[in-house]
A.B. asks: 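Dropping a structure here in structure tokens format, bear with me for questions.
Atoms within a ligand are numbered from 1 in the order they appear, just like the ligands themselves.
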Amino acid sequence: MIALGCDHGGFALKQEIMKHLDDRGLAYKDYGTYTEESCDYPIYGEAVGRAVASGACELGIIICGTGIGISMAANKVKGVRAALCGDCFSAEMTRKHNDANVLALGARVVGPGLALKIVDTFLDNEFEGGRHARRVALLNEIESGNE
Ligand code: RB5
């Protein structure tokens with residue numbers, strides 16, 4: 001299950017992503033926002049972050065105008081590794097090396113064609129483990145130090 005979330009700036013792209021996931025036969029849950037009315041991105045970044053961190057969803061995709069604010073919000077949730085990607089190379093490497101569990105997109109930065117390629121690249125790559133697992137464990141240690 002893929003968790004989806006956006007603010008008003010990401011609403012139209014989220015609709016395109018949902019259609020794309022439907023075409024691919026992939027299940028998702030939409031955590032809002034549900035209209036183009038102006039709203040606050042931290043609410044939706046947190047909602048998707050909590051869905052992923054709790055295990056309710058395996059991965060998340062979040063979208064705002066730049067992708068920055070909503071990724072900051074998701075990354076405040078313990079266990080979330082949200083990666084803002086504007087290219088396919090980053091989307092591939094953040095799954096393989098960082099075990100990113102949330103993809104953030106900027107709807108005012110990337111066009112829908114590229115955004116869907118980035119989504120596919122993110123979903124179709126796996127964490128490589130090995131030396132990268134040690135580094136992800138170090139990220140988790142930093143997080144634990146905040147408690
Ligand atoms: C909303 O205008 C905009 O600030 C938001 O979508 C996002 O870009 C914030 O980081």
A.B. asks: Show me which atoms of ligand 1 lie under 4.0 Å from any heavy atom of Tyr41.
C.D. replies: 9 (C)

A.B. asks: Counting non-hydrogen protein atoms only, what is the nearest one to atom 7 (C) of ligand 1? Give residue, atom name and distance.
C.D. replies: Cys64 SG, 3.2 Å

A.B. asks: Share the residues that join Ile70 in a hydrophobic cluster, the rule being Ile, Leu, Val, Met, Phe, Trp or Tyr side chains under 4.5 Å apart at the heavy-atom level.
C.D. replies: Tyr31, Tyr41, Ile43, Tyr44, Val48, Val52, Ile62, Val77, Val80, Val102

A.B. asks: Is the closest heavy atom of Met72 to ligand 1 under 4.0 Å?
C.D. replies: no

A.B. asks: Which atoms form the tightest heavy-atom contact between Phe127 and His97, and what is the distance?
C.D. replies: CE1-O, 3.5 Å

A.B. asks: Can you tell me how far CE of Met1 sits from SG of Cys57, rounded to the nearest 0.5 angstrom?
C.D. replies: 6.0 Å

A.B. asks: Answer with side chain, backbone, both or neither: which part of Thr66 has a heavy atom less than 4.0 angstrom from an atom of ligand 1?
C.D. replies: both

A.B. asks: Please could you name the atoms of ligand 1 that Arg108 approaches to less than 4.0 Å, counting only its heavy atoms?
C.D. replies: 1 (C), 2 (O), 3 (C)

A.B. asks: Is any heavy atom of the protein nearer than 4.0 Å to atom 4 (O) of ligand 1?
C.D. replies: no

A.B. asks: Measure the NE2-CG distance between His132 and Asn98 for me, rounded to the nearest 0.5 Å.
C.D. replies: 9.0 Å

A.B. asks: Which of the atoms of ligand 1 are close to Gly65, meaning less than 4.0 Å from one of its heavy atoms?
C.D. replies: 5 (C), 6 (O), 7 (C), 8 (O)

A.B. asks: Kindly indicate whether the side chain of Asp120, heavy atoms from C-beta on, has any atom under 4.5 Å from the side chain of His20.
C.D. replies: yes

A.B. asks: Do Gly69 and ligand 1 have an N or O pair less than 3.5 Å apart?
C.D. replies: yes

A.B. asks: List every atom of ligand 1 that sits less than 4.0 Å from any heavy atom of His8, numbering the atoms from 1 in the order shown and giving each element.
C.D. replies: 1 (C), 2 (O)

A.B. asks: Shortest non-hydrogen contact from Ala12 to Glu36?
C.D. replies: CB-OE2, 4.2 Å

